[in-house]
Amino acid sequence: MIHPIVKYGDPVLETPTKPVEKFDEEFRKLTDDMFESMYAAQGVGLAAPQIGIGLRVTVIDVTTGKNPEARLVCANPQIVHAEGEQHEEEGCLSIPGFRGRVLRPAFVTIRAQNATGEEFEMRSEGLLARAFCHEIDHLDGILFISHLSMLKRDLIKRKIRKLRKAGEW
Ligand code: NI
């Protein structure tokens, strides 16, 4: 089932999530729905709060559906190692139409659980490393705009306020 993507302004996006404890059928259905919703929105990552659910799980596929093996369910993820720097443009399905350059580590190793609760560790670089950081931020209630300069962030917030007033957000 495709869920609508929650947009900036909804408090669920800025609230830290609760750990996943049950890896049952219902949980797998949720992750399937998250993939479906992410592909429909043409994103490379989606965190549960973005469909209004305060659970510590994100789905990622940096190939946008081209390689089934690239599909990742990351439940209760944490960054166990990070090094280097990359400074690239980032966007977010919950803040459509706005992008900004965000400083992230170049290499990131995460530890997480998959859809059945099995623990795994994964080393990443480039876009995947950035996706891990962006999505884990979501699970902590942090949006990419909070990494921008205050000037840039305020500009984006002001534009969003205008869009909301016009009923376009
Ligand atoms: Ni995002």
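Nothing fancy with the numbering, it's 1 onward along the sequence. Indexing begins at 1, ligand by ligand and atom by atom, following the structure's order.
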Joint cluster assignment, Leu72 & Val57, ILVMFWY side-chain distance < 4.5 Å: no
Ring geometry between Phe27 and Phe23 (parallel below 30°, tilted from 30 to 60°, perpendicular above 60°): perpendicular
Charged N-O contact under 4.0 Å between Arg130 and Glu90: yes
Atoms named by residue and atom, protein N, O or S, within reach of the Ni ion (ligand 1) (under 2.8 Å): Cys92 SG, His134 NE2, His138 NE2
Ion pair check, Asp154 and Arg158, cut-off under 4.0 Å: no
Where at least one partner belongs to residues 53-66, residue pairs that pass salt bridge (Lys or Arg N to Asp or Glu O under 4.0 Å), sequence neighbours excluded: Arg56-Asp140
Neighbour count above 12 (heavy atom, 6.0 Å) for Lys162 NZ: no
